Amino acid sequence: MLSTIAQLKTRLQQALVAAFGAEWADTDPILVPTNNPKFGDYQANVAMSLAKPLKMKPRAIAESIVANLAVSDLAEAPEIAGPGFINLRLSTAYLEQQLQAVRTDPRLGVATVDPPTRVIVDYPSPNIAKEMHVGHLRPSIIGDCLSRILEFLGYDVLRLSHVGDWGTPFGMLIAYVREAYPDALNDDSDIDLGSLASFYRNAKKRFDEDEAFQQLARQSVVELQAGDEATLKAWKLVCNLSNRTNQTIFDLMGLCDLTIRGESFYNPYLLDVVKALDDKGLLVEDQGAKCVFLEGFTNMDGNPLPLIVQKSDGGFNYATTDLAAIRYRLDEDKVQRVIYPVGAEQTNHFAQVFQVGRRAGWITDAVAFIHAPFGNVLGEDGKKLKSRSGDALKLEEMLEEAIAYARTDLINRLQAANRDESEEFINEVARVIGISAIKYADLSQNRTSNYIFSYDKMLALQGNTAPYMINAYVRVRGIGRKGDIDFASLSDDQTIRLQEEWEFTLAKHILQLDEVLAEIDQDLLPNRLCQYLFELSQKFNQFYENCPVLKAEEPTRTSRILLCDLTAQTIKLGLSLLGIPVLDRI
Ligand code: ARG
């Protein structure tokens with residue numbers, strides 16, 4: 001199904017051609033939703049922008065366009081307002097026909113992209129020599145949401161977790177495996193290193209207290225880089241332990257399955273990156289280090305900044321690995337778009353590696369490499385969120401805390417309402433609400449802003465929150481269910497009929513889902529979907545306050561029950577794209 005806005009655009013372009021000639025075929029008709037229903041649903045502003053090139057008054061241009069505009073199957077007769085705005089109001093017949101098509105489509109009328117190009121979303125990419133902390137909350141949530149939306153839109157999505165699984169931070173951990181689990185190095189079995197938290201704690205303790213151990217740690221890094229087999233074995237054990245532990249956290253968060261392709265994966269390709277840059281004449285040796293001098297980046301003295309791709313000791317770094325990843329993703333994965341939901345503090349890093357990739361001729365105009373930056377999670381004091389001891393908060397603890405809050409909340413509500421529910425129900429609802437609240441609080445903010453992390457706010461039953469949205473679903477769904485109609489047996493003439501203003505407002509909003517998702521495809525801002533859903537439930541409330549549903553006469557009754565049902569379906573689909581499940585009752 002082509003979106004309404006896309007259809008109207010095409011018609012406007014056809015009118016432009018008919019009015020002014022074929023050279024105007026690609027003109028953007030500047031079609032936007034109106035902000036006041038008085039002016040209809042959409043407004044085309046192209047007449048103003050053509051005044052100069054056509055040397056005509058905008059109003060006269062608008063008149064010529066309208067005289068050639070064929071939209072009677074979609075909209076009422078177009079109107080011209082002010083200096084030359086063309087106002088379009090969707091016709092009732094068209095809206096009803098759209099509602100019928102959407103209602104009977106599991107995708108709710110959202111078309112898939114054609115062709116289904118491949119997109120890589122690079123997330124979440126923790127450094128696995130440490131436990132995951134608050135810094136991994138946003139890439140996990142945003143990456144998961146964006147990849148769900150893009151997958152739903154039909155893209156071939158590859159979720160790659162570019163974990164930091166190589167280099168210096170592993171020295172201490174490898175040294176500890178050697179000391180505490182000497183057998184692990186020789187034998188093939190996957191030795192149990194216990195819990196990740198205690199393993200790190202013990203390793204750190206040994207490192208801090210013993211100089212000889214520190215020496216062993218440094219030595220281990222050298223051996224790791226040199227590919228020593230026993231060292232690699234110890235390294236692998238640590239990676240497995242970390243990845244397993246992280247996976248339990250991803251499961252708790254309900255993230256889609258990820259492919260782990262860590263930094264170590266690109267080791268075999270690093271030397272070739274340096275060589276390829278050299279072949280392109282981009283490589284400069286500076287104090288023993290191999291680097292590319294960047295355009296548009298200067299150091300403190302105002303001189304061009306080098307991006308080091310091979311250090312003077314022969315080692316490679318984070319940027320080299322990302323350059324190798326860019327090449328691999330293009331050559332082997334045949335990717336068209338790569339999205340990196342990574343904190344805003346890495347803006348320069350990505351701008352630099354993309355620049356080098358471009359200058360090396362790897363990144364062309366046919367592909368897009370996009371850093372989708374996000375702001376910080378702040379505490380209620382407005383400062384970066386930290387634990388009481390001053391360390392970064394552990395991700396797992398944050399999630400457990402949210403669930404605990406949701407649980408207390410739920411138990412209080414159940415008591416107040418004298419409701420008796422099983423322990424199983426309480427656990428399930430607390431988990432879904434706790435995790436969803438964290439996700440929704442994150443996604444409903446503009447991605448690029450910082451936001452304040454507050455359990456009280458995110459768990460509130462009122463406002464733009466997950467509990468509110470899940471509750472809205474339960475309520476709307478309940479109304480439709482009470483109507484007790486057999487959806488399957490409805491004949492075609494029992495469709496949604498729009499009569500009251502509130503029905504129109506709600507229906508038009510429902511029909512905008514595809515436009516909202518198309519916008520997110522472009523700007524990667526999931527808060528648009530949260531806003532859409534929140535407004536949907538508000539418009540539903542207004543409809544429900546003003547239009548009787550179950551007490552209405554037929555055929556209005558069935559029509560309104562169908563509208564309730566479609567609203568519920570839309571909320572459910574929208575929430576699922578945010579990574580939030582719905583519940584039957586909360
Ligand atoms: N491991 C990095 C960090 O924790 C993030 C990696 C992001 N992805 C990438 N391809 N550079 O800072």
Side-chain angles (χ1 to χ4, degrees), residues 118-147 157-170 173 196 200 235 238-239 242-243 245-247 249-250 255 258-267 269-270 273 307-309 316-333 335 337-358 362-363 367-377 384-385 391-396 398 447-448 524:
R118 174 163 271 195
V119 181
I120 288 175
V121 187
D122 177 311
Y123 82 98
S125 306
N127 295 325
I128 59 171
K130 292 188 213 135
E131 281 172 275
M132 287 210 289
H133 55 79
V134 50
H136 302 117
L137 184 70
R138 302 208 71 186
S140 304
I141 294 174
I142 296 168
D144 189 62
C145 173
L146 290 177
S147 49
V157 176
L158 196 56
R159 299 164 168 87
L160 291 184
S161 180
H162 188 86
V163 293
D165 62 355
W166 197 247
T168 320
F170 281 87
L173 303 172
L196 186 64
Y200 284 149
W235 165 77
V238 176
C239 290
S242 288
N243 285 330
T245 308
N246 291 350
Q247 187 58 49
I249 300 175
F250 297 152
L255 301 193
L258 302 160
T259 301
I260 293 184
R261 204 192 267 170
E263 294 181 5
S264 64
F265 176 88
Y266 300 99
N267 277 339
Y269 309 97
L270 299 176
V273 166
L307 181 73
I308 298 176
V309 291
F316 304 97
N317 54 29
Y318 184 48
T320 327
T321 306
D322 260 323
L323 288 168
I326 288 174
R327 293 183 89 198
Y328 192 91
R329 291 166 181 185
L330 289 166
D331 297 345
E332 305 300 323
D333 297 322
V335 75
R337 175 159 55 148
V338 185
I339 298 165
Y340 300 78
V342 179
E345 67 282 354
Q346 293 199 28
T347 300
N348 281 347
H349 164 74
F350 286 109
Q352 293 170 358
V353 296
F354 296 164
Q355 180 192 119
V356 172
R358 202 162 256 289
W362 306 329
I363 300 179
V367 294
F369 281 74
I370 304 157
H371 174 213
F374 48 78
N376 290 319
V377 182
K384 242 181 153 170
L385 197 62
D391 312 328
L393 270 183
K394 288 186 189 160
L395 184 54
E396 193 173 7
M398 293 173 76
R447 166 167 58 69
T448 58
L524 309 175

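All values derive from a computational prediction rather than experimental measurement. All ligand and atom numbering here is 1-based and tracks the order in the structure.
Contact atoms of ligand 1 toward Val342: 7 (C) (distance under 4.0 Å to a heavy atom of the residue). Heavy-atom proximity to Asp122, at under 4.0 Å, picks out these atoms of ligand 1: 7 (C), 8 (N), 9 (C), 10 (N). Atom numbering of ligand 1 starts at 1 in the shown order; those under 4.0 Å from a heavy atom of Asn127 are 1 (N), 2 (C), 3 (C), 4 (O). Atoms of ligand 1 lying under 4.0 Å from at least one heavy atom of Tyr340, given by number and element, are 10 (N).
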Inset, instruction - Please assess Glu332 against Tyr269 for the test side chain to side chain donor-acceptor pair (under 3.5 Å), listing each intermediate value before the final yes or no. - result: CA-CA 12 Å; Glu332 305 300 323; Tyr269 309 97; over 6 Å; no
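By the 4.0 Å heavy-atom criterion, Phe350 is counted among the residues contacting ligand 1.
Here the CD1-CG distance, from Ile260 to Asn243, works out to 3.5 Å after rounding to the nearest 0.5 Å.
For atom 6 (C) of ligand 1, the nearest protein heavy atom (residue, atom name, distance) is Tyr318 OH, 3.2 Å. Distance from atom 1 (N) of ligand 1 to its nearest protein heavy atom, with residue and atom name: Ser125 O, 2.7 Å. Among all non-hydrogen protein atoms, the one lying nearest atom 12 (O) of ligand 1 is Gln346 NE2, 2.8 Å.
Side chains of Ile339 and Arg337 form a contact here, defined as non-hydrogen atoms less than 4.5 Å apart. His349 places none of its side-chain heavy atoms less than 4.5 Å from the side chain of Val342.
Every residue two or more places apart in sequence or in another chain was checked for a salt bridge (Lys or Arg N to Asp or Glu O under 4.0 Å) with Asp165, and none qualifies.
Each of Val353, Ile326, Val338 was compared with Ile363 under the side chain to side chain contact (heavy atoms under 4.5 Å, CB included) criterion, and only Ile326 meets it.
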